[in-house]
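Each remark here refers to the structure printed beneath this line.
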Number of protein chains: 2
Amino acid sequence: MSLFSTEVAVTQVAEGHYQGHVHSAWNIGDKPNGGYLLSLATRALSAAVSHPDPISVTTHYLRPGIPDAPCDIQVQVLRAGRTVSTARATLSQAGKPRLEVLAAFSDLAVAAGVDTDITLSPAVIPGPDACVQRDGAAQGIDIPIRSRLDVRLHSALAQPGNARLAEISGWIRFADGSEPDARSLLLFTDTFPPSPFGVLGVVGWVPTLELTVHVRRRPAPGWIQARFTTDDLHAGRMIETGCLWDSTGALVAQSRQLGLVLQSGQAS
Amino acid sequence: MSLFSTEVAVTQVAEGHYQGHVHSAWNIGDKPNGGYLLSLATRALSAAVSHPDPISVTTHYLRPGIPDAPCDIQVQVLRAGRTVSTARATLSQAGKPRLEVLAAFSDLAVAAGVDTDITLSPAVIPGPDACVQRDGAAQGIDIPIRSRLDVRLHSALAQPGNARLAEISGWIRFADGSEPDARSLLLFTDTFPPSPFGVLGVVGWVPTLELTVHVRRRPAPGWIQARFTTDDLHAGRMIETGCLWDSTGALVAQSRQLGLVLQSGQAS
């Protein structure tokens, strides 16, 4: 069992009611990483539907999570279809909802229609060993999640205020050597530094209001390559679009989030 | 009152329970347009929260809607914060849920943090009068929605099988001359032909499983310019990303949808 699999485990305690534990090893600063909380909720959703792969997952972050504390997850299946199941989940801690999740599941091994070669290809960037490990200093925070995830940043973009583009590229894998699966891609889309920090300098905590992830293919073993760009940053509200590719260069997930950029360390 | 405003009107019949009517004038083929159904649900959500602008709206289309029939919308406010309200809605007809919506509302006139000039700019395309009106023939269907929306397509891309890129560009406005507002942008992101049809030829009905729209700014009066591209079309599942700009060139909305491409008229 991988650490991830163990630490997102949930137990069903009643019809549609699951319980888990929020481990502080997945913190960014003193708060649980949002992708980790989403993974807990998705584990409960997966247990409640018959299709294996999350193909569209949207979460709204209502309140920060509480590390080293239990969580309750209420699941409601909205439609159980032949090829797609749709369900929602509410993750609560200390009696208050923290995440609301709306998701569709299907089987990515089964074709639903037309195939084409239209896709997004990865850029050529230096390999993981030529990139630098993510260091919380760029955001001015500790990142305990380093014990769980090995995140490497393309060095040209890894220093705050050192990039022309509001873009973060790099690589990610589990620190314990376990291989990625479709569900771990949800986590991987929300564990890189905020992409505006290359332009703005230290940006502190960028709270995510909402994150949507589309899993496109089950990933091959090995490193996942990632690229995140800020599309639009206006009046403190940021849209960041992400792509993940597996070790064969196949697009495995796309993401988009609405985040808040409350402060910046230096002018652009 | 605009036709749109009249035809998405809802009446509150109990706490969190609204009713409306699905008008067949918004059909694509014999089914209500998804963006129109979403607009009905969003009207009910707007009535239930205090913030005026939908800033993040995700809908899962569970079943097709029924034209010329009433609808029920159940709304649950998940969190009413100082700057953001989050709520969900279920739109049902004939006793079955058709749409599930999860949305955040805020006030786009109030800045939440850092401002930058990072944005997506519109491409230069021929003006509306040099574009061609959307014709259902390209999809092999009637589009009664033409009575409500004036959709113009960039002619280089308007003929099926005639484009190198899986891209649709053009312009949109209400046919009755009423001006766009923040909420009408949700509708506008889901009323162009599917972007793969330029590459694939006639693609028929492309059912949307899920659509997420981020409204970025309140639009200025005038035409809205739109661009939709297919990012990835694999095993019948398509990710389409859209941008809308107002008449001043400001990015007013971004969209992304997961759709199914069940058939194509000619090989790519």
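The chains referred to below are lettered A, B, ... by the order of the sequence lines, with proteins before strands, and numbering in each begins at 1. Not measured: the values here are computed from a predicted model.
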Between A:Leu108, A:Val110, A:Ile239, A:Ile55, who has the most heavy-atom pairs with chain B when the cutoff is under 4.5 Å?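 Going by pairs under 4.5 Å, I would pick A:Ile239.
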Among B:Leu78, B:Val84, B:Leu102, find the one that has a side chain to side chain contact (heavy atoms under 4.5 Å, CB included) with A:His60.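 Per the side chain to side chain contact (heavy atoms under 4.5 Å, CB included) rule, the option paired with A:His60 is B:Leu102, out of B:Leu78, B:Val84, B:Leu102.
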Quick one: what part of [X] sits under 4.5 Å from any heavy atom of chain B, side chain, backbone, both or neither?
X	answer
A:Glu100	both
A:Ser106	side chain
A:Leu209	side chain
A:Thr212	side chain
A:His214	side chain
A:Thr86	side chain

Kindly compute the distance separating CD1 (B:Ile118) from CG (A:Leu200), expressed to the nearest 0.5 Å.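 The CD1 atom of B:Ile118 sits 5.5 Å away from the CG atom of A:Leu200.
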Drop me the distance from B:Leu211's CG to A:Ser56's OG, to the nearest 0.5 angstrom.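 One finds 10.0 Å between CG of B:Leu211 and OG of A:Ser56.
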Test your reading of the model: is there a side-chain donor-acceptor pair from B:Asp115 to the backbone of A:Ala235, 3.5 Å cut-off? yes
So, the side chain of B:Thr116 versus the backbone of A:Leu233: is there a donor-acceptor pair under 3.5 Å, distance only? yes
Sort B:Leu260 into side chain, backbone, both or neither according to what part of it lies under 4.5 angstrom from a heavy atom of chain A.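 For B:Leu260, the side chain is the part near chain A, not the backbone.
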Proximal component of B:Thr90, with respect to chain A [non-hydrogen, under 4.5 Å]: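 Neither part, no heavy atoms under 4.5 Å.
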Are there residues of residues 248-259 of chain A that reach to under 4.5 Å of chain B by heavy atoms, and which ones?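 The stretch touches chain B at A:Leu251, A:Gln254, A:Ser255, A:Arg256, A:Leu258.
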For chain A, which candidate among B:Arg216, B:Arg63, B:Glu210, B:Arg79 shows the most heavy-atom pairs at distances under 4.5 Å?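 Counting heavy-atom pairs under 4.5 Å, the top option is B:Arg216.
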Please evaluate residues B:Arg217 and A:Asp232 with respect to the criterion salt bridge (charged side-chain N to carboxylate O under 4.0 Å, His left out), reporting the C-alpha separation (whole Å), side-chain torsions for both, the decisive distance (0.1 Å), and the verdict. CA-CA 11 Å; B:Arg217 294 165 184 83; A:Asp232 190 44; 3.1 Å; yes
